[in-house]
Asks: 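Input: one structure, supplied below.
By convention here, the first residue in the shown sequence is residue 1.
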Amino acid sequence: MSAEIQASRNNATLILTISHPGTRNAIHPDMFAAAVEVLSTAERDDSIRAVVLNGADRFFCAGGDLHKLLDLRAAGSGEQMDAVDGLRGWIEAIRDCPKPVIAAVEGGAAGAGFSLALACDLIVAGNTAKFAMSYVKVGLTPDGGASWFLMQSLPRQLATEMLIEGEPVQAARLQSLGVVNRLVPDGSVLDAALDWADKLAELSPHAVERIKLLTREARDNTLSRHFEAEKQHFVDCLNHRDAQEGIQSFLDKRTSRRK
């Protein structure tokens with residue numbers, strides 16, 4: 001069965017669905033360029049205010065396609081490096097997207113699937129969903145920025161536990177650690193993510209884009225440099241039409257008519 005990224009719309013939200021039947025939506029190289037292209041299109045389309053990434057058939061993503069990885073062992077190191085860079089391109093496209101990206105995780109997210117979820121701005125997960133950095137189970141180390149994301153999100157000991165053991169972690173534990181934003185009943189994850197996306201769509205896209213930039217840059221900035229970045233973004237937003245309407249509607253005690 002073919003591996004693909006399916007794209008659809010729900011109001012102002014672009015839905016990206018990882019689909020690879022029979023493999024629990026394992027990642028395939030055919031997906032990389034398609035995912036980057038769709039996210040690039042979303043960046044240019046002002047009618048899209050948010051993106052939701054999910055998996056077909058109520059399972060987010062089982063990670064890399066092990067059959068493809070076995071084939072890759074027979075290739076040269078250049079081709080192997082290109083394969084790793086393909087996932088990197090997808091991860092970077094998620095991070096660079098100016099619209100908020102929500103991962104809707106049903107069932108599970110393992111290996112590179114967990115990397116994709118971590119790259120998103122927000123994570124909604126089903127009550128029984130499991131997450132696993134399972135690379136070590138097949139003698140591999142993480143890719144897709146997985147070790148970076150976990151070390152940024154968790155204390156070193158906890159991140160090391162997840163990476164070096166590769167054991168599944170319940171969504172509830174990740175929520176208690178602040179990695180998963182919302183837990184919802186199994187089977188309702190996509191709906192919950194879309195409802196959240198609809199609420200985000202009502203906010204100023206100009207401000208949301210700049211908040212994403214600030215959060216992405218914060219960990220690498222000194223406080224002094226970050227003060228300067230905040231100042232520039234604040235003044236830029238203050239002079240944007242969204243702030244004019246937002247402030248006036250608040251003072252008038254009415255719903256914003258922001259476009």
Side-chain angles (χ1 to χ4, degrees), residues 4-19 25 31 34-61 90-109 113-127 129 131 149 153 171 174-175 178-216 237 240-243 245-246 249 255-259:
E4 60 181 349
I5 297 295
Q6 299 170 347
S8 59
R9 284 286 294 269
N10 180 78
N11 301 322
T13 301
L14 174 68
I15 305 171
L16 298 185
T17 302
I18 304 168
S19 177
N25 302 321
M31 298 177 178
V36 172
E37 176 58 30
V38 175
L39 286 165
S40 178
T41 300
E43 181 174 347
R44 299 189 300 267
D45 188 342
D46 291 340
S47 71
I48 294 174
R49 298 291 182 87
V51 179
V52 169
L53 179 65
N54 78 124
D57 301 321
R58 294 190 176 180
F59 196 94
F60 187 74
C61 177
W90 187 356
I91 296 288
E92 289 181 332
I94 292 172
R95 297 287 286 174
D96 291 342
C97 181
K99 322 294 172 74
V101 184
I102 304 172
V105 181
E106 289 273 15
F114 195 178
S115 299
L116 285 167
L118 288 170
C120 295
D121 302 298
L122 304 163
I123 301 176
V124 179
N127 284 329
F131 296 75
F149 287 120
S153 303
L174 290 182
Q175 187 194 36
V179 176
V180 168
N181 296 89
R182 297 183 179 181
L183 277 183
V184 299
D186 294 337
S188 66
V189 174
L190 181 57
D191 287 341
L194 291 173
D195 286 344
W196 199 359
D198 284 343
K199 291 182 174 65
L200 296 177
E202 297 173 1
L203 304 172
S204 162
H206 189 73
V208 168
E209 177 181 354
R210 277 145 186 78
I211 289 169
K212 280 198 62 168
L213 285 172
L214 284 168
T215 58
R216 190 174 66 196
C237 286
H240 192 272
R241 63 180 181 274
D242 285 359
E245 170 59 19
S249 63
T255 301
S256 173
R257 293 189 289 267
R258 185 184 300 112
K259 294 182 180 180

Asks: Working to the nearest 0.5 angstrom, can you tell me the gap between Glu4 CD and Ser19 OG?
Replies: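 It is 5.0 Å, given to the nearest 0.5 Å.
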Asks: What's the shortest heavy-atom distance between Val105 and Ile123, and which atoms?
Replies: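 Heavy-atom minimum between the residues: CG2-CG2, 4.2 Å.
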Asks: Between Leu53 and Ile94, is a side-chain contact (heavy atoms from CB on, under 4.5 Å) present by the stated rule, with each step listed?
Replies: CA-CA 10 Å; Leu53 179 65; Ile94 292 172; 4.2 Å; yes
Asks: With rounding to the nearest 0.5 angstrom, report the SG to CD1 distance, Cys120 to Ile91.
Replies: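 The SG atom of Cys120 sits 8.0 Å away from the CD1 atom of Ile91.
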Asks: Check Val124 against Ala192 and note the closest heavy-atom contact, atom names and distance.
Replies: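 Residues Val124 and Ala192, closest heavy atoms: CG1-CB, 4.1 Å.
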Asks: Distance-only, no hydrogens or angles: does the Thr41 side chain make a donor-acceptor pair with backbone N or O of Glu37 under 3.5 Å?
Replies: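 At least one qualifying donor-acceptor pair exists.
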Asks: Would you give the length of the straight line joining atom CD1 of Ile211 to atom CG of Asp121, rounded to the nearest 0.5 angstrom?
Replies: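 Between atom CD1 of Ile211 and atom CG of Asp121 there are 11.0 Å.
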Asks: Search all heavy atoms of Arg9 against all heavy atoms of Ile48 and return the closest pair with its distance.
Replies: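 Here Arg9 and Ile48 meet closest at NH1-CG1, 3.5 Å.
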Asks: Find out whether Val38 and Leu14 are in side-chain contact, i.e. whether some heavy atom of one side chain is under 4.5 Å from a heavy atom of the other.
Replies: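 Val38 reaches Leu14 side chain to side chain.
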Asks: Return the CZ to CD1 distance between Arg182 and Ile102, rounded to the nearest 0.5 Å.
Replies: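 Result: 8.0 Å between the selected atoms.
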Asks: I'd like to check Ile5 versus Ile18 (side-chain heavy atoms, cut-off strictly below 4.5 Å). Are they in contact?
Replies: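 Yes; the side chains approach each other to less than 4.5 Å.
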Asks: My understanding is that only residues two or more places apart in sequence, or in another chain, count here; which of them pass side chain to side chain donor-acceptor pair (under 3.5 Å) with Asp45?
Replies: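 Asp45: side chain to side chain donor-acceptor pair (under 3.5 Å) contacts with Ser47.
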Asks: Are there over 12 heavy-atom neighbours, none belonging to Arg216, within less than 6.0 Å of that residue's CZ?
Replies: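 Correct, the count exceeds 12.
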Asks: Between Val101 and Lys212, is there a side-chain heavy-atom distance shorter than 4.5 Å?
Replies: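 They are in contact (side-chain heavy atoms under 4.5 Å apart), so the answer is yes.
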Asks: Check the orientation of Phe131 and Phe114. Use parallel for under 30°, tilted for 30 to 60°, and perpendicular for over 60°.
Replies: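 Judged by the thresholds at 30° and 60°, the geometry between Phe131 and Phe114 is tilted.
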Asks: Do Leu194 and Ile15 come within less than 4.5 Å of each other through their side chains, counting heavy atoms only?
Replies: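 With C-beta onward as the side chain, the pair touches.
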Asks: Give me each pair satisfying ring-ring contact (aromatic ring centres under 6.0 Å, His included) with a member in residues 35-55, each pair once, sequence neighbours excluded.
Replies: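 Residue pairs passing ring-ring contact (aromatic ring centres under 6.0 Å, His included), neighbours aside: none found.
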Asks: Does the side chain of Val189 reach to within under 4.5 Å of the side chain of Phe60, using non-hydrogen atoms?
Replies: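 No, their side chains stay 4.5 Å or more apart.
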Asks: Measuring only between side-chain heavy atoms, which start at C-beta, is Asp242 closer than 4.5 Å to Leu203?
Replies: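 No. Closest side-chain heavy atoms not under 4.5 Å.
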Asks: Of all heavy-atom pairs between Gly187 and Glu106, which one has the smallest distance, and what is that distance?
Replies: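 Nearest heavy atoms, Gly187 then Glu106: N-OE2, 2.8 Å.
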Asks: Could you report the tightest heavy-atom contact between Val180 and Ala125, atom names first, then the distance?
Replies: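 Result for this residue pair: CG1-CB, 4.0 Å.
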Asks: Minimum heavy-atom separation for Ala117 to Ala103, with atom names?
Replies: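 Minimum heavy-atom separation between Ala117 and Ala103: CA-CB, 4.0 Å.
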Asks: Is there side-chain contact between Leu213 and Pro98, with at least one heavy-atom pair below 4.5 Å?
Replies: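 Of all side-chain heavy-atom pairs linking Pro98 with Leu213, none is under 4.5 Å.
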Asks: Would you say that Val52 contacts Asn10 through its side chain, given a criterion of any heavy-atom pair below 4.5 Å between the two side chains?
Replies: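 No, every pair of side-chain atoms sits at 4.5 Å or beyond.
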Asks: Using 0.5 Å steps for rounding, measure from the SG atom of Cys97 to the CD atom of Glu209.
Replies: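 Going from SG on Cys97 over to CD on Glu209, the span is 9.0 Å.
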Asks: Roughly how far, to the nearest 0.5 Å, is CG of Leu116 from CZ of Phe149?
Replies: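 So the gap between those two atoms works out to 9.0 Å.
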